[in-house]
Engineer: 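Below is the structure I would like to discuss, written out as structure tokens.
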There are 2 protein chains.
Amino acid sequence: MATARIPEATVARLPVYLRSLTELAADGQATTSSDILAERAGVNAAKVRKDLSYLGTHGTRGVGYDVRHLVFEVSRALGVANTWPVIVCGLGNLGRALANHTGFTERGFPVVAAIDVDAELVGTTIDGVAVHSPDKLAEVVAAEGVAIGVIATPAAAAQETADLLVAAGIRSILDFSPTVVSVPPDVEVRAVDLSTELQILGFHLQRDLPPEVNL
Amino acid sequence: MATARIPEATVARLPVYLRSLTELAADGQATTSSDILAERAGVNAAKVRKDLSYLGTHGTRGVGYDVRHLVFEVSRALGVANTWPVIVCGLGNLGRALANHTGFTERGFPVVAAIDVDAELVGTTIDGVAVHSPDKLAEVVAAEGVAIGVIATPAAAAQETADLLVAAGIRSILDFSPTVVSVPPDVEVRAVDLSTELQILGFHLQRDLPPEVNL
DNA sequence: GTGCGCTTGTGAATTCGATCACGAGTTCCG
DNA sequence: CGGAACTCGTGATCGAATTCACAAGCGCAC
Ligand SMILES: NC(=O)c1ccc[n+]([C@@H]2O[C@H](COP(=O)([O-])OP(=O)(O)OC[C@H]3O[C@@H](n4cnc5c(N)ncnc54)[C@H](O)[C@@H]3O)[C@@H](O)[C@H]2O)c1
Ligand SMILES: NC(=O)c1ccc[n+]([C@@H]2O[C@H](COP(=O)([O-])OP(=O)(O)OC[C@H]3O[C@@H](n4cnc5c(N)ncnc54)[C@H](O)[C@@H]3O)[C@@H](O)[C@H]2O)c1
């Protein structure tokens, strides 16, 4: 019964498949094929089949996959039945956008609390999210059963915020600050670095149009 | 003089190295080592050396790298001397946060314009960014020399926005919507999908704590 | 100038992921 | 029932990225 190890690269694609499948189900499609899924997910069909094969999923040869069943399988693999409460750290421009976003709650990641150093904010409720002082973090995490911490503080405060989250028992962190935070090995950090993304795009732009002479 | 092809994985790390190097320079460090850079960038030292070797960079054996020189080399490889104007499409919660963010301009990615369908917004200026109607996109892109388009519209409008951007001549897109947009092969899309990031964290949380029995 | 400790640069080995290619199962039709 | 059309599952192959491991270069001390 033990699901074999699912490769990281596959895990990263499962949410995309799940979205496509949900859309197909909403469209009333009862079955689908690796070709159709590949098209929707922007990958190639062989990859879809291999990915799904890691789930121990069984499509039907000559027919395709049953959409409802596949939704179930992928959901189970991702554990989307679970709800993982989120705390947002730093309610600036970005933090507010995140706190306000309804899409996360729909997917099982409700923002249940926030922290900020700004004395004006502490004690208030923004978009339905109560703002606490950072020194209350551990308390809030325990009370709300927070599983994931989001860092949306300025870069200078990112490491200390990560330390607080770790101390509070959080083992999953989504970091938006343009820094590399260090945490114990049993804590997973995913960094979403928008400047880096832009710089990668910039690199390719420069590469594709190289008729300039450099200094 | 032709710089050899730099692997994608390396390109993605260069911005992180550049940040670390800039910090080191600010700290007054004249030289550094692959060990120190590795520590700061959160990777291992062999990877740092291999990455830098693709730049044709020459550190000094027994000594390390000259920080100023390395800043120069990495900057040149990334083309950070260039400025790539950005347009933000969709000025909702996320779009406003992006438009307001100063960090991008500092790194050579000024937000020079925005588009939105909301008639209330069109014609106004938000955080110094003029908001235009989507049908003015091509015009604005040409006038401002926009190089990169950011999609921060609702998912339902993402594809049509991408089409508009492509039609306007944009070849680099950063997409925040939870969708896969399709574009011609010569256009690069980088998707930043926050829900997917959370779902990946959720997957690992579930995997690390598996004492439950499933349906 | 000789030796020692330090650090780079890089071939080689390894791991991981993507892709290919095809055997096998399914449906349908005549 | 036979064959054609379709689609999955997967071993095999290919390629990219990571990691290893060490020779070679550098600087300092004596
Ligand atoms: N706004 C964007 O579009 C954007 C884009 C890319 C990256 N980022 C990064 O995201 C982070 C947040 O950006 P922002 O624009 O929201 O910044 P911001 O300055 O608007 O907000 C930062 C918030 O964090 C709070 N804060 C400061 N120190 C704190 C601490 N120790 N603990 C808790 N809260 C603290 C501040 O009071 C403020 O409310 C930054 O690291 C920024 O570089 C933002
Ligand atoms: N807010 C977040 O924290 C967050 C997090 C993750 C993902 N996202 C995604 O980012 C996107 C934007 O999120 P948001 O919270 O800012 O949404 P939002 O609803 O606040 O804003 C969307 C904006 O886009 C505009 N718009 C709609 N159709 C348009 C079109 N065709 N052309 C141009 N503009 C158009 C709307 O007028 C509105 O101003 C969504 O796809 C959302 O799923 C947002």
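Naming convention: chains lettered A, B, ... in sequence-line order (proteins, then strands); numbering from 1 in each chain. Keep in mind that the numbers below use all heavy atoms, side chains included, and drop hydrogens, waters and symmetry copies.
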Engineer: Within the structure shown, what part of the strands sits under 4.0 Å from Asp35(B) by heavy-atom distance: base, sugar-phosphate, or nothing?
Structural biologist: nothing

Engineer: Under 3.5 Å, side chain of Arg96(A) to main-chain N/O of Leu91(A), donor-acceptor pair present?
Structural biologist: yes

Engineer: Going through the distances and angles, do Glu8(B) and His204(A) end up as a side-chain hydrogen bond (donor to acceptor under 3.5 Å, both in side chains)?
Structural biologist: CA-CA 10 Å; Glu8(B) 267 320 295; His204(A) 290 131; 2.8 Å; yes

Engineer: Counting just side-chain N and O atoms, does Tyr54(A) come under 4.0 Å of either OP1 or OP2 of dG17(C)?
Structural biologist: no

Engineer: Using whole Å, report how far CD of Glu73(B) lies from C1' of dT8(C).
Structural biologist: 15 Å

Engineer: Hey, which of these two, Asp51(A) or Val63(A), hits DNA chain C nearer its 5' end, going by closest nucleotide?
Structural biologist: Asp51(A)

Engineer: Looking only at the side chain of Thr60(B) (C-beta and beyond, no hydrogens), which of the listed nucleotides dC26(D), dA24(C), dG17(C) gets closest?
Structural biologist: dC26(D)

Engineer: Please report the distance, rounded to the nearest Å, between NZ in Lys50(B) and C1' in dC20(D).
Structural biologist: 10 Å

Engineer: Ignoring hydrogens and angles, tell me if any N or O in the side chain of Asn44(A) forms a donor-acceptor pair with the backbone of Ala46(A) under 3.5 Å.
Structural biologist: yes

Engineer: Closer than 4.0 Å, any side-chain N/O of Tyr65(B) to the OP1 or OP2 of dC6(C)?
Structural biologist: no

Engineer: When you measure only distances, ignoring hydrogens and angles, does the side chain of Arg49(A) come within 3.5 Å of the base of dG9(D) through a donor and an acceptor?
Structural biologist: yes

Engineer: Please report, rounded to the nearest Å, how far the P atom of dA17(D) is from the CZ atom of Arg5(B).
Structural biologist: 11 Å

Engineer: Base, sugar-phosphate, or nothing for Ser34(B), non-hydrogen atoms under 4.0 angstrom?
Structural biologist: sugar-phosphate

Engineer: With the threshold set at 4.0 Å, does a side-chain nitrogen-carboxylate oxygen contact exist between Asp193(B) and Arg107(A)?
Structural biologist: no

Engineer: How long is the line joining NZ of Lys47(B) and P of dC16(C), in whole Å?
Structural biologist: 12 Å

Engineer: In whole Å, I'd like the distance from the CG atom of Leu37(A) to the P atom of dC6(D).
Structural biologist: 19 Å

Engineer: Can you tell me the distance, in whole Å, between the CD atom of Glu8(B) and the P atom of dA18(C)?
Structural biologist: 14 Å

Engineer: Nearest to the Ser33(B) side chain among dT7(C), dT19(C), dG25(C), which nucleotide is it?
Structural biologist: dT7(C)

Engineer: What is the distance, to the nearest angstrom, from the CG atom on Asn44(A) to the P atom on dG9(D)?
Structural biologist: 15 Å

Engineer: If only atom types and distance count, is the side chain of Gln199(A) paired as donor or acceptor with the main-chain N or O of Val80(B) below 3.5 Å?
Structural biologist: no

Engineer: How many Å lie between CD1 on Ile36(B) and P on dC6(C), as a whole number?
Structural biologist: 14 Å

Engineer: What is the nucleic acid contact for Thr57(B), judged by heavy atoms within less than 4.0 Å: base, sugar-phosphate only, or nothing?
Structural biologist: sugar-phosphate

Engineer: Closest nucleotide of DNA chain D for His58(A) versus for Gly62(A): which of these residues is on the 5' side?
Structural biologist: Gly62(A)

